[in-house]
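Working notes, structure below.
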Amino acid sequence: MEITATAVEATDTDLAGTRYVMIDEGAEIGYLFAHTSGLILNVEVDEDRQGEGVARALYEHADDTQEGLYHIPSWGRTPEGEGFAQAMGGDVMDDERAAAIVGMDLSIYETD
């Protein structure tokens with residue numbers, strides 16, 4: 001297995017970052033996409049390859065390469081993303097910075 005990294009330019013709909021891909025026998029079996037700030041935006045592993053350490057290997061490689069990754073705060077995680085963040089450990093980006101990157105309006109969560 002090998003991991004490749006491809007820079008992704010920002011578009012009107014997508015953020016700039018790096019897409020780390022795990023390749024096994026010529027086929028993509030998983031990827032991790034991290035914003036240029038190190039914020040993890042997405043992690044996907046083929047269903048039949050889950051539990052083999054693919055996501056962990058991608059995380060560790062990207063963390064070393066980017067000199068640090070950040071999980072999105074809990075308000076931006078899916079249930080699977082929550083499990084991933086808990087399993088990997090590591091730093092969580094602060095609310096304001098993460099919200100600015102993903103275009104989230106945190107005021108909808110504020111209560112008086």
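- Residues T18 and A5 share a closest heavy-atom pair of CG2-CB, 3.9 Å.
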Contacts under 3.5 angstrom, residues 25-36 side chains, donor-acceptor by atom type, not counting sequence neighbours:
unit_1: E28; atom_1: OE1; unit_2: R19; atom_2: NH1; d: 3.3
unit_1: E28; atom_1: OE2; unit_2: R19; atom_2: NH2; d: 3.0
unit_1: Y31; atom_1: OH; unit_2: N42; atom_2: ND2; d: 2.7
unit_1: H35; atom_1: ND1; unit_2: S37; atom_2: N; d: 3.0
unit_1: H35; atom_1: ND1; unit_2: S37; atom_2: OG; d: 2.8

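- Annotation: side chain of Y59 is in contact with side chain of L69 (closest heavy-atom distance under 4.5 Å).
- There is a path of hydrophobic side-chain contacts, each under 4.5 Å, that joins Y20 to M88.
- Follow the hydrophobic side-chain contacts under 4.5 Å out from V8 and you reach Y70 in the same cluster.
- The NE2 atom of H61 sits 10.0 Å away from atom CD of E2, with the distance rounded to the nearest 0.5 Å.
- The side-chain heavy atoms of R49 and D24, taken from C-beta on, include a pair separated by under 4.5 Å.
- Of all the heavy atoms in H71 and G89, the pair that sits closest is NE2-O, 2.7 Å.
- A continuous path of Ile, Leu, Val, Met, Phe, Trp and Tyr side chains, each step under 4.5 Å between heavy atoms, connects I3 with F84, placing both in one hydrophobic cluster.
- Remark: the backbone N or O of A87 is paired with a side-chain donor or acceptor of R56 at under 3.5 angstrom.
- Under the 3.5 Å distance criterion, the side-chain polar atoms of E82 are left unmatched by any main-chain donor or acceptor of S74.
- Residue E44 holds its CD atom at 11.5 Å from CG of L58, rounded to the nearest 0.5 Å.
- Cluster annotation: L39 is not connected to V43 through the hydrophobic network of ILVMFWY side chains, with a link wherever side-chain heavy atoms come within less than 4.5 Å.
- Taken together through direct or relayed side-chain contacts under 4.5 Å among Ile, Leu, Val, Met, Phe, Trp and Tyr, V45 and L41 form parts of separate hydrophobic clusters.
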Distance-only criterion, 3.5 Å: show the donor-acceptor pairs between side-chain atoms of residues 90-103 and protein atoms not counting sequence neighbours.
unit_1: D94; atom_1: OD1; unit_2: E96; atom_2: N; d: 3.3
unit_1: D94; atom_1: OD1; unit_2: R97; atom_2: N; d: 2.9
unit_1: D95; atom_1: OD1; unit_2: W75; atom_2: NE1; d: 2.9

